[in-house]
Amino acid sequence: MAEEAILGYLQHNEEIKDSGEFAAERNIDHNEIVNVIKSLHGFRYVDAEDIKRETWVLTDEGKTYTATGSPEFQLFNAIPPEGIPKDELQKKLDPSVFKIGCAQAAKNKWVEMGKQLVTRKVQNVDDKVKGLLLQIQQGQGIGSDDIKALKARKLIVPQTWKGYSVRKGPNYAPKRKQVVTDLTRENFQSGEWKELEFKEYNYSAKGAPLEGGHLHPLLKVRAQLKQIFLCMGFWNFDALFQPQQHPARDSHDTFFLDAPSTTKRLPEDYVERVKQIHETGGYESRGYVYDWKREEANKNLLRTHTTAVSSRMLYQLAQKPFAPKKYFSIDRVFRNEAVDRTHLAEFHQIEGLVCDRGLTLCDLIGVLHDFFSHLGMTKLKFKPAYNPYTEPSMEIFSYHEGFKKWVEVGNSGMFRPEMLRPMGLPEDVQVIAWGLSLERPTMILYGIDNIRDLFGPKVDLGLIKKNSICRLGIN
Ligand code: FB9
């Protein structure tokens, strides 16, 4: 309606001199007229020029008096011809109306404010203030003295009124053409594009806010767990006494590689010691008493534990004069197991190990309490378990306040001498180690119950953590 009014008017008239008067004459909201003028100006249908006028607008108090009358008028009308005791008059009026009314009515010489009695000094009065406020509200001008008086009473405040004068623009038409933003296959092939109006490209458009990249939730949790290890003084680092017939080595648990078929060169003296410890034992161990086969050991596979990497680090440590070390790793491991909602054929294993002289199970329990306390887990319990390369071994449980139950949070143990001695580590050196997965804590942190929502093409990188699990800011 506003658009037709503007374009229609300009069809027969040179100019809309004042958008405010134009709107008032047609009883159209001025803001609607302004929005249409801006849009038509943007497409060059019209040329609009700013008009600014300093005007006055009513304050809330001023607006009230246009309805109730001014306080002085209300007070005058509350006084009967014979007069009224002041306290009775006060009860008849709102406190602010009474206060302002007395002052203004006395100033106007409308009333006599006696000590006890209030009387009229004139018979009738006009509510000039209400009249002036209504004039301003209707956009009419009033005298400067009146402006000054109303402003002093805070009944009006200055406002800059903005409007436009409008003329035909270079693209003027009595009716706006359909504006499109895209040249499509359809309107190009049909030739319709010749009749269409294309929106001018707005080079100053800010565009959608730049969305920075998102770190994968696993990488965020990995970074924070890495920080926990570093705070505990562990070093990061990107040969197990696991018998060759151990079930975990069966193809149903392990991914063997066809190529490259065999592992790269090994230190043969070390291989010989490993063979011996498996077949006939040593270091007070009976060994597994079977024929250990080199070709089995040579098979290449995707690691099922990061402990494979730990043993390589420990072997290197044993080639130098012994110095205690604390290592950790967070890396992918691969298991040829049935996948389900919480397990895939691969996951990230977090592993920590401490290598020092005279370590005992107590040290392992202590370091586990320290590590898991950083994850907010302060109630732990341990259950004896079996790992081929650690003895004793313990499963780790933490009481989850949210789930109100004990949750298995990892596995741990002391590496066996059959693993450490063939490496060359001194007799009194022990290694305590533990492991957990990265996916389990991340899924709990993000409230995910299907691992495919965390790992794979469907990950929502805008995932927000729903739980926090540690004092170090994993939240
Ligand atoms: O991560 C596991 N659970 C876990 C960890 C943290 C956590 O935090 C929550 C916010 C509160 C919640 C749960 N687990 C180990 C236990 C179970 O989830 C288990 O069902 C799955 N385990 C994986 C292996 O099973 C395919 C998790 C993985 C695992 C298990 C053992 C090790 C590492 C990872 C190990 C080891 C080890 C042992 C001795 C010496 C060195 C390493």
Side-chain angles (χ1 to χ4, degrees), residues 217-218 221-222 224-225 228 234 240-242 248 253-254 303-311 313-314 326-355 359 361 364-365 367-368 371-380 382-416 419-420 430-449 451 454 465-472 474-475:
L218 277 174
V221 177
R222 182 180 75 170
Q224 289 156 339
L225 278 155
I228 290 173
F234 281 69
L240 298 176
F241 186 59
Q242 177 153 311
D253 272 354
T254 303
R303 63 171 173 246
T304 57
H305 305 259
T306 49
T307 313
V309 185
S310 314
S311 50
M313 293 302 292
L314 290 170
K326 296 191 279 192
Y327 290 125
F328 76 93
S329 73
I330 302 177
D331 259 318
R332 293 171 87 163
V333 295
F334 307 86
R335 304 242 177 132
N336 190 358
E337 289 170 341
V339 295
D340 59 24
R341 291 173 62 80
T342 56
H343 292 85
L344 294 174
E346 62 179 273
F347 65 94
H348 291 77
Q349 179 176 340
I350 298 163
E351 179 164 340
L353 70 83
V354 179
C355 177
L359 290 177
L361 194 63
L364 175 56
I365 291 173
V367 82
L368 290 174
F371 174 78
F372 282 99
S373 70
H374 286 290
L375 288 167
M377 299 182 212
T378 51
K379 275 167 77 175
L380 299 182
F382 307 96
K383 188 176 149 196
Y386 172 74
N387 295 318
Y389 45 86
T390 54
E391 182 58 31
S393 306
M394 303 183 300
E395 283 171 348
I396 310 156
F397 292 82
S398 166
Y399 188 75
H400 195 286
E401 297 299 342
F403 303 154
K404 295 282 181 256
K405 66 178 188 178
W406 288 92
V407 172
E408 184 187 350
V409 294
N411 195 304
S412 64
M414 300 189 71
F415 285 147
R416 299 179 71 121
M419 174 181 164
L420 303 179
Q430 301 295 341
V431 180
I432 56 178
W434 73 99
L436 63 154
S437 79
L438 183 62
E439 284 74 8
R440 291 297 295 139
T442 305
M443 287 174 74
I444 290 176
L445 256 175
Y446 284 84
I448 295 171
D449 60 14
I451 196 163
L454 176 68
K465 281 195 183 86
K466 293 183 172 55
N467 309 299
S468 67
I469 58 170
C470 90
R471 296 196 308 275
L472 282 185
I474 298 191
N475 47 34

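From a predicted model like this one, the values you see are computed outputs, not experimental measurements. Just so you know, ligand 1 is whichever comes first in the structure, and atom 1 is the first atom listed for that ligand.
Side-chain atoms of Thr390 never come within 3.5 Å of backbone atoms of Ser393 as a donor-acceptor pair (strictly under, hydrogens ignored).
For Arg335, every heavy-atom contact with ligand 1 shorter than 4.0 Å involves the side chain, none the backbone. Contacts of Ile444 with ligand 1, taken as heavy-atom pairs under 4.0 Å, involve the side chain alone. Using a 4.0 Å cut-off between heavy atoms, Ser412 contacts ligand 1 through its backbone alone, with no side-chain atom that close. Contacts between Glu408 and ligand 1 below 4.0 angstrom, taking non-hydrogen atoms only, involve backbone and side chain alike.
Applying the ring pair (Phe, Tyr, Trp, His ring centres under 6.0 Å) rule to Tyr327 yields the partners Phe237; only residues at least two apart in sequence or on another chain are considered.
Distances from atom 11 (C) of ligand 1 to the heavy atoms of Glu337, Met377, Glu351 show the closest one on Met377. Comparing Leu445, Val409, Leu344 against atom 4 (C) of ligand 1, the shortest heavy-atom distance belongs to Val409.
Residues Arg303 and Arg332 share a closest heavy-atom pair of NE-O, 2.7 Å.
For Glu439, the heavy-atom gap to ligand 1 stays at 4.0 angstrom or more.
If you take CG on Leu454 and CG on Leu218, they are separated by 4.0 Å, rounding to the nearest 0.5 Å.
Residue contacts with ligand 1: Trp434 is placed with no nitrogen or oxygen under 3.5 Å of a nitrogen or oxygen of the ligand (distance criterion only).
The closest side-chain heavy-atom distance from Ile451 to Phe347 is not below 4.5 Å. Residues Met394 and Leu364 are in side-chain contact: their nearest non-hydrogen atoms beyond the backbone lie under 4.5 Å apart.
Ring planes of Tyr399 and Trp406: perpendicular class, angle over 60° (limits at 30 and 60°).
Of all the atoms in ligand 1, the ones that sit under 4.0 Å from a non-hydrogen atom of Ser437 are 1 (O), 2 (C), 15 (C), 27 (C), 28 (C), 34 (C).
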